[in-house]
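Below is one structure; the comments refer to it alone.
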Protein chains: 2
Amino acid sequence: MLPKSQLKLITSLAQKKYRKEHGLFIAEGFKTVTELMESRLKLQHLYISNPVHASLNKNHTLISEKDLKKISQLKTPAEILGIYHIPGSRPIETNALVIALDDVRDPGNLGTIIRLCDWFGVRDLVCSHNTVDCYNPKVVQATMGSLSRVNISYVNLSEFLQKNEDTSIIGTFMDGRNIYKEMLPTKGVLIMGNEANGIRDEIANLVDNKITIPRFGEKNVTESLNVATATAIILSEFRRASIEM
Amino acid sequence: MLPKSQLKLITSLAQKKYRKEHGLFIAEGFKTVTELMESRLKLQHLYISNPVHASLNKNHTLISEKDLKKISQLKTPAEILGIYHIPGSRPIETNALVIALDDVRDPGNLGTIIRLCDWFGVRDLVCSHNTVDCYNPKVVQATMGSLSRVNISYVNLSEFLQKNEDTSIIGTFMDGRNIYKEMLPTKGVLIMGNEANGIRDEIANLVDNKITIPRFGEKNVTESLNVATATAIILSEFRRASIEM
């Protein structure tokens, strides 16, 4: 049986303040855990409910399904739960394309954006302090292992942009210029805004180039694209433009 | 108080077989309900827990928050729940770009793809019978009202493609041709596959042009893009190509 103290520690990691306090986070499921194990991230301990996974790492404890269910954040626990050390951020390299998020709140959206950065070879993802924590269990789950391949930094976004004012700063707005007709740079900072409110005025004032994805369907509709799908389209456009140069 | 018979009917609509039996589905929240109300969809009845929404439609019942919670499919019920009639599908117009889904199972993915069709002016979305039902409450929620603007048909996908063999049939595969270097047609059927298994062999055999979104990050990674983000990128490429022609 899992000692109470461990149970308490692990379940506390669902909350950001305890993740910060302990410097630990949870990842679940075979694919995510094994991908993180092969990365620069350090495993603290592995909990498995099926002995078949014992060979994954010496540093493991076999526990009952019931105990795994207690520590799992998933509706359907997946036999494997790893506790990892939160890595320190490496310095941000602004001499490339950097993605910056201004208060993106939905864990699924952040997880998808981290996967997209990984796919499109974006090394640095910069998040405003009010962006959802990338070690939130739902974010970790949505990244499918990409988490270890992207350097994620939480910063005061306004200060970060001011410090990098010689860089091209691009933001997405409903009334921006048609992305298909813009010359996109191969480096710079691309800002994506909050799900409901977009980019804050304070940040918008620092943007050099406002872009948008034009709507092809009925025009008199207030709907906008979800921030994760918009990021997918814009990143694709940046990378396509870089091939053609 | 809500009569037991109504409570039973409404909660049964969480299941596909009862939606089919009654020809009804649920939509929740102010934005989704009002967008559907302005569409061709017919409201059967509206349930509200706050009298401020009474002016939306005469055909409403004011119920307690407790009762709304009972009939809601959301964790945090949103004061408004509408019951709508499931519309009949209109004939599929194959003289344009049509999206076809081969067993897409995740409600969030289908919801996102419906929004993308709406955004990019794709009139017809064709789904294999094993694709998640578009009137599933989670799909309806994820579409944010786009549901009424896209014509969704559930078909035997193999038969549908065989009947349209004079149309250009394009499929997405891990080993397809680089989408950024392909000439994309302005009309045809674009097939997106299942989250875990991609496009079935039976369907793959009917594809004329296999395409892929190239990976720019580390190459020796098994990861693929999520089907909804891949659809976003490919639809964007199709529409961009149509502008430039």
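Remember, it's a predicted structure, so these values are computed and weren't measured experimentally. Chain identifiers are assigned alphabetically (A, B, ...) following the order of the sequence lines, protein sequences preceding nucleic acid strands; residue numbering begins at 1 within each chain.
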**Prompt:** Quick one: what part of S146(B) sits under 4.5 Å from any heavy atom of chain A, side chain, backbone, both or neither?
**Reply:**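 For S146(B), side-chain heavy atoms alone lie under 4.5 Å from chain A.
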**Item:** Side chain, backbone, both or neither of T229(B) within contact of chain A (heavy atoms, under 4.5 Å)
**Value:**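 Both backbone and side chain.
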So do the side chains of [X] and [Y] get within less than 4.5 Å of each other, counting heavy atoms only?
X       : Y       : result
D118(A) : R215(B) : yes
I213(A) : W119(B) : yes
L225(A) : L116(B) : yes
E237(A) : E237(B) : yes

**Asked** What are the two closest non-hydrogen atoms of S236(A) and I233(B), and how far apart are they?
**Response**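 Closest approach of S236(A) to I233(B): OG-CG2, 3.3 Å.
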**Asked** If every non-hydrogen atom of Y180(A) is compared with every non-hydrogen atom of F120(B), which pair is closest and at what distance?
**Response**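 That closest heavy-atom pairing would be OH-CE2, 3.6 Å.
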**Item:** R149(B) side chain to G217(A) backbone, donor-acceptor under 3.5 Å
**Value:**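 It does not hold such a pair.
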**Message:** For chain B, which candidate among C117(A), P214(A), A228(A), A230(A) shows the most heavy-atom pairs at distances under 4.5 Å?
**Reply:**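 Most heavy-atom pairs within the cutoff with chain B belong to P214(A).
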In this structure, are over 12 heavy atoms from other groups packed under 6.0 Å from [X] atom [atom1]?
X       : atom1 : answer
Y18(A)  : OH    : no
K70(B)  : NZ    : yes
R177(A) : CZ    : no

**Request:** Using a cut-off of under 4.5 Å on heavy-atom pairs, state which of I179(B), V122(B), N178(B), N226(B) scores highest against chain A.
**Result:**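 Greatest number of close heavy-atom pairs with chain A: N226(B).
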